[in-house]
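Written below as structure tokens is the structure these notes are about.
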Amino acid sequence: QVQLVESGGGLVQPGGSLRLSCAASGFIFRSYSMGWYRQAPGKQRELVAIISSGGTKNYAEPVKGRFTISRDNAKKTVDLQMNSLKPEDTAVYYCSQAGVHWGQGTQVTVSS
């Protein structure tokens, strides 16, 4: 079955960086778009970044220029490099296979 396991969350000060990673299994990884989503307390889950099977990347406006999504088809991983973090980036971050299957999420807290 499809499994997505996120790692790399934590507490970071404003302006800092974190790198999230998602390890995938149970499907033909290279054939699917992969995305990162986030959900802040009291808010709906929202798309952060998505990368197609061909490597095309799209980002939500609030993270453009600060976050970078990448994938390694050989390792079956999708990463999210987050720089210049802001308190409003605080959320649980989820990895998703094409918006259908989801990981358990990893907490990112940006606070001084």
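For reference, positions follow the sequence shown, starting with 1.
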| Residue pair Glu6 / Tyr94: nearest heavy atoms and the distance that separates them | OE2-CA, 3.4 Å

| task | Taking all non-hydrogen atoms of both residues into account, name the closest pair between Ala24 and Leu4 and its distance. | result | CB-CD2, 3.6 Å

| task | Go through the steps to decide whether Trp36 and Phe67 satisfy the test ring-ring contact (aromatic ring centres under 6.0 Å, His included), and finish with yes or no. | result | CA-CA 11 Å; Trp36 284 96; Phe67 291 11; over 10 Å; no

| message | Run Arg19 and Ser70 through side-chain contact (heavy atoms from CB on, under 4.5 Å) and show every step you take. | response | CA-CA 11 Å; Arg19 188 176 184 89; Ser70 60; 3.7 Å; yes

| Joint hydrophobic cluster, Ile50 plus Trp102, side-chain heavy atoms closer than 4.5 Å | yes

| query | Just how far is it from atom CD1 of Ile69 to atom CD of Gln81, taken to the nearest 0.5 Å? | reply | 12.5 Å

| query | Name the one of Asp79, Thr77, Asp72 that satisfies side chain to side chain donor-acceptor pair (under 3.5 Å) with Ser21? | reply | Asp79

| field | Any donor-acceptor N/O pair, Gln39 side chain to Ala91 backbone, under 3.5 Å | value | no

| field | Spatial distance of atom CE (Met82) from atom OG1 (Thr68) [nearest 0.5 Å] | value | 11.0 Å

| said: Quick check on the hydrophobic clustering: are Val63 and Tyr93 connected, directly or via other members, by side-chain heavy-atom contacts under 4.5 Å? | reply: yes

| said: If you compare all heavy atoms of Pro14 against all heavy atoms of Ser111, which two are closest, and at what distance to 0.1 Å? | reply: CD-C, 3.6 Å

| task | Check for a donor-acceptor pair, side chain of Arg71 on one end and backbone N or O of Ser33 on the other, with a separation under 3.5 Å. | result | no

| Glu88 atom CD: more than 12 heavy-atom contacts under 6.0 Å | yes

| query | If every non-hydrogen atom of Ala49 is compared with every non-hydrogen atom of Leu80, which pair is closest and at what distance? | reply | CB-CD1, 4.2 Å

| message | Do Leu20 and Leu47 sit in one hydrophobic cluster, given that two such residues count as connected whenever their side-chain heavy atoms are within less than 4.5 Å of each other, even indirectly? | response | no

| request: Give me the one residue out of Asp89, Val110, Thr109 that meets side-chain contact (heavy atoms from CB on, under 4.5 Å) with Val12. | output: Val110

| said: Tell me the closest heavy-atom pair linking Tyr37 and Ser96, and the distance in Å. | reply: CE1-CB, 3.7 Å

| task | Kindly compute the distance separating CD (Gln3) from CD (Gln97), expressed to the nearest 0.5 Å. | result | 12.5 Å

| Given Lys76 and Ser25, is the side-chain contact (heavy atoms from CB on, under 4.5 Å) satisfied, shown in steps? | CA-CA 7 Å; Lys76 298 183 182 180; Ser25 62; 5.8 Å; no

| message | If hydrophobic clusters are built from ILVMFWY residues whose side chains come within less than 4.5 Å, do Val2 and Tyr32 share one? | response | yes

| Hey, does the Lys NZ or Arg CZ of Arg66 hover above the aromatic six-ring of Tyr59, less than 6.0 Å from the centre and inside 45° of the axis? | no

| message | Return the CG to OG1 distance between Leu11 and Thr90, rounded to the nearest 0.5 Å. | response | 8.5 Å

| Derivation of the side-chain contact (heavy atoms from CB on, under 4.5 Å) call for Arg38 and Val108 | CA-CA 9 Å; Arg38 67 186 181 187; Val108 172; over 6 Å; no

